[in-house]
Amino acid sequence: MISSDCEAFVLSNPQYITGKGGHHVWIADKSTNERILIIFFEVTPPEPTKAPKRRFKVNRKYTHFAISRATNKIVDGWDYKGIDKESIKYYTAIDLKDNDRLVKDFKIVEKSKVIKSGIDPMDWNNWGNN
């Protein structure tokens with residue numbers, strides 16, 4: 001798996017960090033926060049006439065989620081365990097911009113707070129595109 005390859009690279013090169021979003025993985029320089037590698041995955045949207053059939057489960061390791069201020073739906077998730085708050089803010093902003101989203105339209109919320117608010121992040125019905 002590509003994310004495992006990124007983790008293996010980072011373990012042997014401590015000047016780098018890695019992370020993943022809904023449809024991509026990345027490696028960045030720890031000192032500059034500059035991304036040196038981003039790999040995007042193509043996701044086939046569900047047919048509009050059928051109920052969405054999900055081939056993938058939500059990653060249980062996700063620690064942070066982007067929630068739309070307009071729809072209160074989750075639009076992205078990340079596994080940022082062990083990463084400081086400033087870096088999380090920086091990387092989530094890049095991910096949202098990479099996906100043509102305005103940062104101000106989303107709130108980044110820790111998994112525990114998402115659950116406390118009554119949203120189950122493991123349920124695809126709580127996810128959306130906007």
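Given the structure is predicted, the values throughout are model-derived calculations rather than measurements.
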Flag yes if more than 12 heavy atoms outside [X] fall under 6.0 Å of its [atom1] atom; otherwise flag no.
X	atom1	answer
D84	CG	yes
R69	CZ	yes
E34	CD	no
N130	CG	no

Determine the sole option in I67, I115, I74 for which the side chain to side chain contact (heavy atoms under 4.5 Å, CB included) test with V109 is passed.
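Output: one option passes, namely I67.
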Do the side chain of [X] and the main chain of [Y] share a donor and acceptor less than 3.5 angstrom apart?
X	Y	value
S87	I83	no
N13	Y16	no
D29	S31	yes

For the atom pair [atom1] ([X]) and [atom2] ([Y]), what is the distance rounded to the nearest 0.5 Å?
X	Y	atom1	atom2	result
W127	N125	CH2	CG	12.5 Å
T92	F65	OG1	CZ	13.0 Å
I94	N99	CD1	CG	12.0 Å
N33	E86	CG	CD	10.0 Å
K30	Q15	NZ	CD	9.0 Å

Is there side-chain contact between [X] and [Y], with heavy atoms separated by less than 4.5 Å?
X	Y	result
N72	K107	yes
V75	R101	yes
M122	K111	yes
K97	V103	yes

K61: what forms a side chain to side chain contact (heavy atoms under 4.5 Å, CB included) with it, not counting sequence neighbours?
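For K61, the residues satisfying side chain to side chain contact (heavy atoms under 4.5 Å, CB included) (neighbours in sequence not counted) are N59, D79.
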Please enumerate all residues that pass ring pair (Phe, Tyr, Trp, His ring centres under 6.0 Å) together with F106, with sequence neighbours excluded.
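Result, ring pair (Phe, Tyr, Trp, His ring centres under 6.0 Å) vs F106: none returned.
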In terms of the angle between their ring planes, are Y80 and W78 parallel, tilted or perpendicular, with boundaries placed at 30° and 60°?
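The arrangement is parallel - the two ring planes meet at less than 30°.
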Regarding D95 and R35, does a basic nitrogen lie under 4.0 Å from an acidic carboxylate oxygen?
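Salt bridge flag = yes for R35 with D95.
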